[in-house]
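Contents: one structure, followed by commentary.
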2 protein chains.
Amino acid sequence: MQKCPVEITVELIEGKWKTELLRHLLGGTKRFNELRRLMPEVTQRVMTNQLREMERDGLVERTVYAEIPPKVEYRLTELGRSLEPMLLEMLRWGEAYVRAAEAAGCDRSRNP
Amino acid sequence: MQKCPVEITVELIEGKWKTELLRHLLGGTKRFNELRRLMPEVTQRVMTNQLREMERDGLVERTVYAEIPPKVEYRLTELGRSLEPMLLEMLRWGEAYVRAAEAAGCDRSRNP
DNA sequence: CCGGATCCATTTAGATACTG
DNA sequence: CAGTATCTAAATGGATCCGG
C-alpha cells in the first residue's frame, strides 16, 4: 500500500525539536552554536541528529568551512522554505485549538 | 517557555495511525470494527489507544450504546472536523515533496 | 567549534491471550 | 463487539565523555 502524503509530511517535521529548528532557520542561515544558543535545552547530540535527518530529507543544507576553528552553517533548501505557508496554517490552527480547548475545559495534560 | 502552536498541532496528529484514522472519520461516523476492517494492519490495542488519545484531545467523540452485542461509535468533533483544510494543505505539500524528492534522487529510506 | 561514541531512560508500538 | 492485561521489541531522546 502507498503511504499517504499527509503521513509523509508529518514524519518530516515530527522530531521533538524540528519545528523550532525550522522556525529559526526560516529566519536565515545559522551556525551550529548559534542554534545551540537559541535552544539551550537541546543537547548537542540530539540537535545534530535532528539537523542531519532534515538534511537527509532534503529540507536543510549543511555547509562545512575548512577552517580552524571549524565552522558549519545550516540553511533551508528551497524545499525546506516551501514549508512556510503550511507551517503558518498549522500555527493558526494550533492557536485556534488552544483557545477552543481552553474554552471547553479540555485537559490536555499527559499525567492524569 | 510557552510551547509553539505548531508543535501542539503536530503532537495531536503524530501517532502512527492518526492521520489515517482522521481520514476515515472525515468520511463520517464509524464503528470500532468498521475501522478495524479499514485498517487491518493495526492491532486492537493500538487502535484503541490512538482513538482514546484523540478523544482526550477533543478531536474525537466516542458513543457507547448499551446493547448486546456492544456498539461503540467514533465520530469527529467540530474541532476534529476543523482539521480538514489544514490536512489538505499538508496533503498537497506532501505530494509536491514526493515529486521533488524523487526528481532530486533524494533517498528517504530509513535503512541505509 | 563541531560532533562522534557509548550507555541509559523513556516512550511507542506490536503480539498474543483473555473477557463482560 | 469492543475492549483489557501482559509481555516484548523498537525507536527516540538524553547524559556524558572523548577527539580532530
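Per chain, numbering begins at 1; letters A, B, ... match sequence-line order. This is a predicted model, so every value here is computed, not measured.
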Worksheet entry | Side-chain ion pair, A/Lys18 and A/Glu53, N-O less than 4.0 Å | yes
Item to complete: Consider the side chain of A/Arg31, meaning its heavy atoms from C-beta on, and name the nucleotide among C/dC1, D/dA2, C/dG14 that approaches it most closely.
Response: C/dC1
Worksheet item: Are OP1 or OP2 of D/dA2 and a side-chain N or O of B/Arg52 less than 4.0 angstrom apart?
Response: no
Item to complete: Taking only Lys NZ, Arg NE, NH1 and NH2, and the carboxylate oxygens of Asp or Glu, determine whether B/Arg36 and B/Glu34 approach each other closer than 4.0 Å.
Response: no
Worksheet item: For A/Glu34 and C/dG3, what is the distance between atoms CD and P respectively, to the nearest whole Å?
Response: 14 Å
Worksheet item: Within the pair B/Lys16 and C/dG14, is there a side-chain N or O less than 4.0 Å away from OP1 or OP2?
Response: yes
Worksheet entry | Whole-Å distance separating the OH atom of A/Tyr65 from the P atom of D/dG20 | 25 Å
Worksheet item: When the distance from CD of B/Glu11 to C1' of D/dG13 is rounded to whole Å, what number comes out?
Response: 14 Å
Item to complete: Check whether any side-chain nitrogen or oxygen of A/Asn49 sits under 4.0 Å from OP1 or OP2 of D/dT12, and answer yes or no.
Response: no
Worksheet entry | Residue-phosphate contact under 4.0 Å: A/Tyr74 side-chain N/O, C/dG3 OP1/OP2 | yes
Item to complete: Rounded to the nearest angstrom, tell me the gap between atom NZ in B/Lys71 and atom P in D/dG3.
Response: 14 Å
Worksheet item: Rounded to the Å, how far apart are B/Gln44 CD and C/dG20 P?
Response: 15 Å
Item to complete: Take B/Trp17 and A/Asn33, find for each the nucleotide of DNA chain C with the closest heavy atom, and name the residue whose nucleotide sits nearer the 5' end.
Response: A/Asn33
Discussion item. The side chain of B/Thr48 is closest to which nucleotide in this list: C/dC2, D/dA2, D/dT4?
Written reply: D/dT4
Practice prompt. Would you verify whether the NZ or CZ of B/Lys30 falls within 45 degrees of the ring axis of B/Tyr74 while also being under 6.0 Å from that six-membered ring's centre?
Written response: no
Worksheet item: From D/dG3, C/dA13, D/dG13, pick the nucleotide closest to the side chain of A/Gln50?
Response: D/dG13
Item to complete: Rounded off to whole Å, could you give me the CD-to-P distance for the B/Glu14 and C/dT12 pair?
Response: 8 Å
Item to complete: Grab the two heavy atoms, one from B/Cys4 and one from A/Arg23, that are nearest each other, plus how far apart they are.
Response: CB-NH2, 3.7 Å
Practice prompt. Respond yes when some side-chain nitrogen or oxygen of B/Arg36 is under 4.0 Å from OP1 or OP2 of D/dA2, and no when none is.
Written response: no
Worksheet entry | Integer-rounded Å distance: C/dC2 P and A/Glu55 CD | 15 Å
Worksheet item: Does a side-chain N or O from A/Arg45 land closer than 4.0 Å to OP1 or OP2 of D/dA15, or not?
Response: no
Worksheet item: OP1 or OP2 of C/dG3 sitting under 4.0 Å from any side-chain N/O of A/Arg62?
Response: yes
Worksheet item: In whole Å, what is the span from the CG atom of B/Leu51 to the P atom of D/dC1?
Response: 17 Å
Worksheet entry | 5' priority, DNA chain D, between A/Pro70 and A/Val46 [closest heavy atom] | A/Val46
Discussion item. Checking A/Glu7 against B/Thr19: is there a side-chain donor and acceptor pair closer than 3.5 Å?
Written reply: yes
